[in-house]
Amino acid sequence: MPELPEVEAVCRVARRALAGRRIVSAHIRRRRICLPQTPRQVAAALAGKRCLAVERLGKNILIHLEGATLTVHLRMTGNLYALAHPGLRPRTTSAHLVLDDGRALVFDDPRGLGILRLGRPPGPVGPDPLSREFTPQRFAEMARAGRSPIKVWLMDQRRVAGLGNIYAAEALHRAGIDPRRLASTLRVSRLNRLHAAIVAILAVAVESASRAYRRPGGFADGEWFTAAVYGRDGLPCRRCRRLIRRIPQGGRSTYFCPGCQR
DNA sequence: CTGCCCCTGTAA
DNA sequence: TTACAGGGGCAG
């Protein structure tokens with residue numbers, strides 16, 4: 001479920017629960033979520049440490065502790081939230097941290113694809129689209145070298161960190177760009193429009209997601225985000241009434257309007 | 001680039 | 001029963 005806006009909402013919740021707290025003990029239920037390290041190693045590294053800060057980097061949540069950093073990636077179905085009673089955690093819990101206020105931070109993940117690792121995210125992570133470094137100039141410079149379709153290019157975390165399948169499609173629709181266009185063939189004027197669309201859509205979605213995000217159950221399938229194209233295969237475009245299409249791109253579904261995206 | 005994999009849930 | 005799911009890493 002999570003792209004940048006949802007991760008930001010979860011990050012705020014985690015920050016509120018963890019700020020200034022000490023981790024009494026860590027419990028990791030699924031061995032593979034922290035590979036290649038063992039659950040025992042990770043738990044030992046966390047126990048007794050105080051939390052200094054929590055920040056988001058793209059879709060990663062970085063929990064800064066005394067002398068260590070823990071990176072959480074929610075992947076498809078992960079979620080973090082605080083529970084007053086650790087014993088009440090759901091059976092889909094991948095891991096949980098018992099805190100010195102008696103509460104627990106739960107890493108709930110039904111599909112179990114999420115990741116927990118000591119240290120910072122591996123590999124290069126591009127500029128976060130809500131940060132100062134994400135300027136139209138830098139965006140256009142990067143795109144000039146892009147040899148893949150713009151939608152696939154946008155989803156590469158080394159370029160725009162945090163953009164995923166939904167918001168990449170939504171931003172391209174807002175900017176009126178065909179997702180199949182090669183990144184390097186787009187004019188600067190269109191890249192500027194795309195840059196603005198990305199920032200605008202994410203900014204609104206972050207606030208909306210944070211409001212919608214309450215507790216376990218998280219973003220209950222509510223209508224907290226109204227998609228222009230995502231998931232609307234076969235339905236009329238809200239702008240031009242042409243039918244939205246779905247095509248495979250990079251192994252996932254891309255939704256777009258053949259009428260207003262060229 | 002494509003396809004497969006990690007998992008579980010849900011909808012057609 | 002099959003297809004698909006908002007993520008990402010890997011092999012070919």
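Note that the structure is predicted; figures quoted are calculated from it, not measured. Below, chain A is the first sequence line, B the second, and so on; all start at residue 1.
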Bracket notation of DNA chain C in which parentheses pair within the strand, [ ] cross earlier pairs, and | pairs with another strand (Watson-Crick or G-U, under 3.5 Å): |||||.||||||

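- The shortest distance between the side-chain N/O atoms of A/Lys59 and the OP1/OP2 oxygens of C/dG8 is below 4.0 Å.
- For A/His73, no side-chain nitrogen or oxygen approaches OP1 or OP2 of C/dG7 to under 4.0 Å.
- The two residues A/Leu57 and A/Pro121 come nearest to each other via the heavy atoms CD2-CG, 4.4 Å.
- Backbone-only contact: A/Ser148 has heavy atoms under 4.0 Å from sugar-phosphate atoms and none from a base.
- Note: the hydrophobic cluster containing A/Val98 does not contain A/Val42 (ILVMFWY, side chain heavy atoms under 4.5 Å, direct or indirect links).
- Taking atom CZ on A/Arg75 and atom P on C/dG9, their separation rounds to 6 Å, with Å as the unit.
- In this structure, CG of A/Leu163 is placed 15 Å from C1' of C/dG8, rounded to the nearest angstrom.
- When each of A/Asp178, A/Leu154, A/Leu182 is paired with A/Pro149, the side chain to side chain contact (heavy atoms under 4.5 Å, CB included) condition holds for A/Leu182 and for no other.
- Applying the under-4.5 Å side-chain rule to Ile, Leu, Val, Met, Phe, Trp and Tyr, the cluster around A/Val188 consists of that residue alone.
- When rounded to the nearest whole Å, the span between CG of A/Asn79 and C1' of C/dG7 equals 15 Å.
- Judged purely by atom type and a 3.5 angstrom limit, A/Thr69 has no side-chain atom pairing as donor or acceptor with the backbone of A/His64.
- Taking the six-membered ring where the residue is Trp, A/Tyr255 and A/Tyr230 present perpendicular rings, their angle passing 60° and hence far from 30°.
- Across all strands, A/Arg91 comes closer than 4.0 Å only to sugar-phosphate atoms, never to a base (heavy-atom distances).
- Within the structure, every side-chain polar atom (N or O) of A/Gln157 is placed at least 4.0 Å from both OP1 and OP2 of C/dG7.
- Regarding contacts with the backbone of C/dG6, every side-chain N or O of A/Arg111 stays at 4.0 angstrom or more from both OP1 and OP2.
- Every residue meeting the salt bridge (Lys or Arg N to Asp or Glu O under 4.0 Å) condition with A/Arg159, not counting sequence neighbours, appears here in chain and number order: A/Asp156.
- Few gaps surround CZ on A/Arg50; more than 12 heavy atoms of other groups in view lie less than 6.0 Å from it.
- In terms of phosphate contacts, A/Thr77 brings no side-chain nitrogen or oxygen within less than 4.0 Å of OP1 or OP2 of C/dG6.
- Residue contacts for A/Gly164: at a heavy-atom cut-off of 4.0 Å it reaches the sugar-phosphate backbone alone, with no base atom in range.
- Here the nucleotide nearest the side chain of A/Asn165, chosen from C/dG6, C/dG8, C/dA5, is C/dG6.
- The nearest whole Å value for the distance from the CG atom in A/Asp156 to the P atom in C/dC10 is 14 Å.
- One atom, CZ of A/Arg252, and another, P of C/dA3, lie 18 Å apart when rounded to the nearest Å.
- A donor-acceptor distance shorter than 3.5 angstrom exists from the side chain of A/Glu170 to the backbone of A/Ala228, with no hydrogens or angles considered.
- Spacing between atom CG of A/Asp109 and atom C1' of C/dG6 amounts to 13 Å, rounded to whole angstrom units.
- As rounded to whole Å, 11 Å separates atom C1' of C/dG7 from atom OH of A/Tyr230.
- Summarising the geometry, the separation between CZ on A/Phe225 and C1' on C/dG6 is reported as 11 Å, rounded to the nearest angstrom.
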Test log, rule side-chain hydrogen bond (donor to acceptor under 3.5 Å, both in side chains), inputs A/His27 and A/Ser25: CA-CA 7 Å; A/His27 309 265; A/Ser25 58; 2.9 Å; yes

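- The existence of a salt bridge linking A/Arg75 and A/Asp109 is excluded, since no basic side-chain nitrogen approaches an acidic carboxylate oxygen closer than 4.0 Å.
- Formation of a donor-acceptor pair under 3.5 Å by the A/Arg232 side chain with backbone atoms of A/Pro236 is found in this model.
- Taking 4.0 Å as the cut-off between side-chain N and carboxylate O, A/Arg12 and A/Glu207 count as a salt-bridged pair.
- Residue-level contact check: A/Arg246 touches the backbone only, with heavy atoms under 4.0 Å from sugar-phosphate atoms and none from bases.
- For the C1' atoms, the distance linking C/dT1 with B/dC6 amounts to 22 Å, nearest Å.
- For the pair A/Gln249 and A/Met155, the minimum side-chain heavy-atom distance is 4.5 Å or more.
- When the C1' atom is compared between C/dG6 and B/dC1, the two are found 23 Å apart, to the nearest whole Å.
- In A/Arg158, the CZ atom is not crowded: 12 or fewer heavy atoms of neighbouring residues, nucleotides or ligands sit closer than 6.0 Å.
- Counting atom types as modelled, A/Glu3 pairs no side-chain N or O with a base atom of C/dG7 as donor and acceptor under 3.5 Å.
- Mapping heavy-atom proximity under 4.0 Å, the span of DNA chain B touched by chain A runs 5' to 3' from B/dC1 to B/dG9.
- For the contact set between residues 31-40 of chain A and DNA chain B, defined by any heavy atom under 4.0 Å, the members are A/Arg32.
- Contact annotation for A/Pro149: backbone-only contact, meaning every heavy-atom pair under 4.0 Å involves sugar-phosphate atoms and none involves a base.
- Scanning residues 173-182 of chain A for heavy-atom distances under 4.0 Å to DNA chain B yields an empty list.
- A/Val54 is connected to A/Leu46 through a chain of hydrophobic side-chain contacts under 4.5 Å among Ile, Leu, Val, Met, Phe, Trp and Tyr, so both are in one cluster.
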